[in-house]
Amino acid sequence: MATEELTGEVASVVFVNAATGFGVVELAASIHDGPRASGPLAGLVPGQAVRLLGHWTEHARYGPTFEAVAYEHARPRSAEGLVAFLSSERFPGVGETLAARIVTRFGLDVGAVIAAEPGRLAEVKGVSAALAEAIGDAWREAGALAALLAELTAAGLSAAAAQAVHRHFGDEAGSVIDANPYAVLAVRGVRWAAAESLARSAGVDRLDKRRLVAGAVTAQQQVRQRGGHMATATADLVIEARRLLSVDAADARRSLDLAEEAGELAFDDALWWLRGDLLAERGVADEIARLLAARSRLPRVVRDHQPAEELTAEQRAAVAAALQRPVSVLTGGPGTGKTRTVTSIVTACEAHDLQVALCAPTGRAAKRMEELTGHGATTVHRLLEARGRPGAGFSFGYGALRRLPHDVVVADEWSMADTRLAWALLQAVADGSHLLLVGDADQLPSVGAGAVLRDLLAVDALAATRLTHVHRQAAASRIVTLAHQINAGAVPPLSGRDNDVFVVAEQPLRIAQRVAEIVAVRAPDFYGCAPTDVQVLAPMYRGPAGVDAVNQELKQRLNPTADRRGVDGFHEGDRVVQTRNDPELDVANGDVGEVVATDAVARTLEVAFPHGGVSYPADRTADLALGWCLTVHKAQGAEWPVVVLICDPTHRTMLTRDLVYTAVTRARLGLLLVGDAKLVEAAAGRAGSGARLRRTRLAQRLAAAVKPDEAVAEIP
């Protein structure tokens with residue numbers, strides 16, 4: 001779409017969201033009597049003359065609307081508008097009378113005067129030298145914001161990402177970027193190509209230190225993201241940096257050293273780390289050692305608690321470990337009684353008025369934990385009172401300086417926890433409190449870097465219980481037995497209906513349509529449930545049977561757009577999933593909700609989640625995706641009555657044992673395998689990388705940090 005221009009004077013401000021920078025204004029312009037304009041315009045005030053860049057659209061209610069992607073200062077169009085601008089809140093200390101005097105003295109060229117000789121404003125009666133300087137700063141700031149947005153969007157950033165850069169660096173954004181264009185990489189949503197474009201515009205040489213440092217750090221981040229590794233060998237990181245920077249091996253190697261000198265990378269144990277990752281891994285080991293060395297605050301009567309006889313020997317051992325040891329780990333597959341064990345621990349503690357906290361990495365996992373145990377549960381981030389810090393992750397209300405008041409903390413679905421999250425939780429657990437970490441070690445590993453659960457189970461000095469006995473009631477479920485067969489690497493041929501598992505053979509190009517029919521009609525009719533009780537899972541986003549295509553098919557079937565105007569592709573009634581943790585909105589990665597209201601003018605959404613409603617401003621809608629079909633990774637920690645797993649041959653490389661095992665264990669009442677079920681049989685024999693191959697040093701650090709006399713042998 002070709003870029004259009006609109007020049008005018010702001011007549012009124014209709015809507016402003018200061019947090020996102022989005023605004024709607026009415027202009028006094030030469031065309032379209034009183035046209036509306038929307039976009040990153042929150043900084044505009046009445047009387048301000050601007051040139052907008054964007055394109056015209058036709059709003060159903062408000063008529064012609066100019067959707068701006070950027071703006072810049074324009075020469076004032078009228079004395080009245082200029083007076084209104086100078087007397088706005090942007091210029092503290094300048095009222096309407098003083099603004100009129102300034103305009104009378106300098107006319108419409110006051111901007112040129114400020115640019116060349118700002119001190120001349122003191123020629124006006126009532127304007128001190130200090131006020132003249134303040135007016136000049138405010139005028140330049142208004143122009144700098146417009147120039148920054150124009151520069152960033154020209155470099156390939158979206159308007160939302162450009163606004164995010166400004167929010168991250170504030171009024172210093174321009175000077176920060178001038179000093180180092182690669183600083184924008186600290187802002188979520190900014191890619192390497194955009195930073196390179198900014199750097200080229202600034203004339204940064206390809207061997208400039210700033211570029212080399214940024215390239216080395218980005219290379220490590222990319223290795224980390226692809227494989228979940230905490231650290232990278234020198235040879236591997238040089239290859240990655242060389243590819244990214246398009247330099248020779250010597251300069252790529254030099255980039256690593258420069259990044260270490262800058263404090264961005266660290267070299268430890270013959271490996272390269274992001275400095276934050278190294279601190280986190282060391283911190284996890286140190287915090288576990290601290291907890292193990294502390295004297296238990298649980299009374300003797302609780303530590304000597306005798307578990308109920310109906311529990312298995314494995315479960316009783318796990319209860320004893322959790323109550324007797326400051327840190328313990330509980331793992332096991334479906335049907336082995338992890339939830340029953342946790343419930344027994346919680347009941348024993350609450351019988352003696354102990355404070356117990358239950359948490360999980362995602363909202364869905366916490367909700368499931370709450371439903372299964374009957375005890376309140378929350379996400380780790382909410383438990384720790386997380387608050388977002390632009391470009392710097394989270395700050396936590398609870399941590400090393402202010403510890404949780406709970407006597408016992410139980411963290412479920414710990415296979416999902418990355419190293420940094422584990423460190424945050426461990427720092428917050430008080431000396432003498434007990435921590436129980438629960439998870440299925442055979443599921444997919446965390447999306448973030450590290451293999452925390454794997455490494456904990458590898459240390460003999462930690463009390464760990466592995467439940468292996470499948471209970472009779474669970475064994476009656478084909479879903480449960482199939483999961484264990486997958487985990488064992490041997491699945492018999494699957495076809496037709498086998499108890500609560502159904503095989504629905506379908507050609508790849510017809511899978512999406514078949515799935516839509518199952519979700520909309522077949523599954524609800526058979527199970528007596530609603531379509532919202534059915535969750536579709538797919539290994540990949542791309543392809544005719546990928547997450548994106550299937551979501552569009554399900555949207556057309558379950559919530560057709562018709563003539564409704566949406567917001568960023570979302571409409572009232574859409575099922576959506578949150579794609580990252582956002583403590584400001586109190587939503588967690590993996591939370592699934594429904595859009596209940598939209599505002600196309602303000603570009604905002606109202607989404608109902610199980611924990612309450614959330615209002616999404618314009619720049620946060622990018623963190624939502626359609627949620628009728630999810631990746632298996634995104635579904636981890638959750639459970640639905642009915643799960644539809646897509647088995648498309650084009651997804652073959654992603655269909656590994658841990659992924660299919662994780663998908664199957666999301667189903668409670670029914671599992672439908674749509675496509676080619678032989679892929680499930682093949683996946684059982686394909687171990688995949690998972691946590692097994694992730695490069696960490698946590699197990700070694702734990703083995704060195706935990707004293708031998710604190711050891712408790714793992715219960716087989």
For Arg510, check salt bridge (Lys or Arg N to Asp or Glu O under 4.0 Å) against everything at least two apart and list the hits. Glu506
Is it true that a side-chain atom of Arg557 and a backbone atom of Val519 form a donor plus acceptor pair closer than 3.5 Å? no
Under 3.5 Å, is there a donor-acceptor pair between the Glu606 and Ser615 side chains? yes
Check: Asp455/Thr696 side-chain N/O donor and acceptor closer than 3.5 Å: yes
Who are the salt bridge (Lys or Arg N to Asp or Glu O under 4.0 Å) partners of Arg542, not counting sequence neighbours? none
Test side chain to side chain contact (heavy atoms under 4.5 Å, CB included) applied to Thr218 and Gln222, step by step: CA-CA 6 Å; Thr218 302; Gln222 291 181 350; 3.7 Å; yes
A side-chain contact here means heavy atoms from C-beta on lying under 4.5 Å apart; do Trp628 and Val536 qualify? no
Side-chain donor or acceptor of Asp500 paired with backbone N/O of Ile479 under 3.5 Å: yes
Taking Asp623's backbone N and O only, do any of them form a donor-acceptor pair with Thr579's side chain (distance below 3.5 Å, no angle check)? yes
Using side-chain heavy atoms (C-beta onward) and a distance below 4.5 Å, is Ile486 in contact with Val664? yes
Less than 4.5 Å apart, any side-chain heavy atom of Pro649 and any of Leu679? yes
Polar side-chain atom of Gln578 near backbone of Arg580 as donor-acceptor pair, under 3.5 Å: yes
The criterion is salt bridge (Lys or Arg N to Asp or Glu O under 4.0 Å); which residues satisfy it with Arg382, sequence neighbours excluded? Asp586, Asp591
Regarding Lys338 and Glu413, does a basic nitrogen lie under 4.0 Å from an acidic carboxylate oxygen? no
Within the side chain of Thr57, is there an N or O that forms a donor-acceptor pair under 3.5 Å with the backbone of Thr65? yes
Taking salt bridge (Lys or Arg N to Asp or Glu O under 4.0 Å) as the cut-off, I'd like each qualifying pair that reaches into residues 628-647, sequence neighbours left out, listed once. Arg368-Glu639, Glu639-Arg668
Under the ring-ring contact (aromatic ring centres under 6.0 Å, His included) rule, what pairs show up with a residue in residues 638-679, not counting sequence neighbours? none
Under a 3.5 Å distance rule, please check whether Asp648 uses its side chain to pair with a backbone N or O of Gly546 as donor and acceptor. no
Can you list the steps and then say if Arg454 with Ser415 is a side-chain hydrogen bond (donor to acceptor under 3.5 Å, both in side chains)? CA-CA 8 Å; Arg454 178 205 70 181; Ser415 63; over 6 Å; no
Can you tell me if His633 uses its side chain to pair, donor with acceptor, with the backbone of Pro539 under 3.5 Å? no
Does the side chain of Leu645 reach to within under 4.5 Å of the side chain of Leu672, using non-hydrogen atoms? no
Does one side chain, of Thr481 or Arg478, offer a donor that lies under 3.5 Å from an acceptor on the other? yes
So, Gln535 versus Arg575: side-chain donor-acceptor pair below 3.5 Å or not? yes
Less than 4.0 angstrom from a charged side-chain N to a carboxylate O is my criterion; do Glu517 and Arg522 meet it? yes
Could you point out which residue of Asp277, Asp236, Asp418 forms a salt bridge (Lys or Arg N to Asp or Glu O under 4.0 Å) with Arg224? Asp277
Any donor-acceptor N/O pair, Glu572 side chain to Ala597 backbone, under 3.5 Å: no
N-O pairing of Glu240 and Arg243 below 4.0 Å: yes
Arg652 vs Arg686 side-chain heavy atoms within contact, under 4.5 Å: yes
Keeping to residues at least two apart or across chains, list the ring-ring contact (aromatic ring centres under 6.0 Å, His included) pairs with something in residues 494-548. Phe502-Phe526
Is it true that a side-chain atom of Asp442 and a backbone atom of Asp658 form a donor plus acceptor pair closer than 3.5 Å? no
Side chains of Leu274 and Val217: closer than 4.5 Å at any heavy-atom pair? yes
Using the rule given for side-chain hydrogen bond (donor to acceptor under 3.5 Å, both in side chains), can you reason through Thr232 versus Gln220, listing the C-alpha separation, both sets of side-chain angles and the distance that settles it, and then say yes or no? CA-CA 7 Å; Thr232 309; Gln220 172 62 14; 2.7 Å; yes
Given Arg694 and Ser446, is the side-chain hydrogen bond (donor to acceptor under 3.5 Å, both in side chains) satisfied, shown in steps? CA-CA 11 Å; Arg694 290 194 169 188; Ser446 59; 3.2 Å; yes
Would a distance-only check, ignoring hydrogens and angles, find a side-chain to backbone donor-acceptor pair under 3.5 Å from Ser197 to Ala194? no
Using a cut-off of 6.0 Å, state whether more than 12 heavy atoms not belonging to Arg191 lie near its atom CZ. no
Do Thr662 and Gln636 get their side chains close enough for a donor-acceptor pair, meaning under 3.5 Å? no
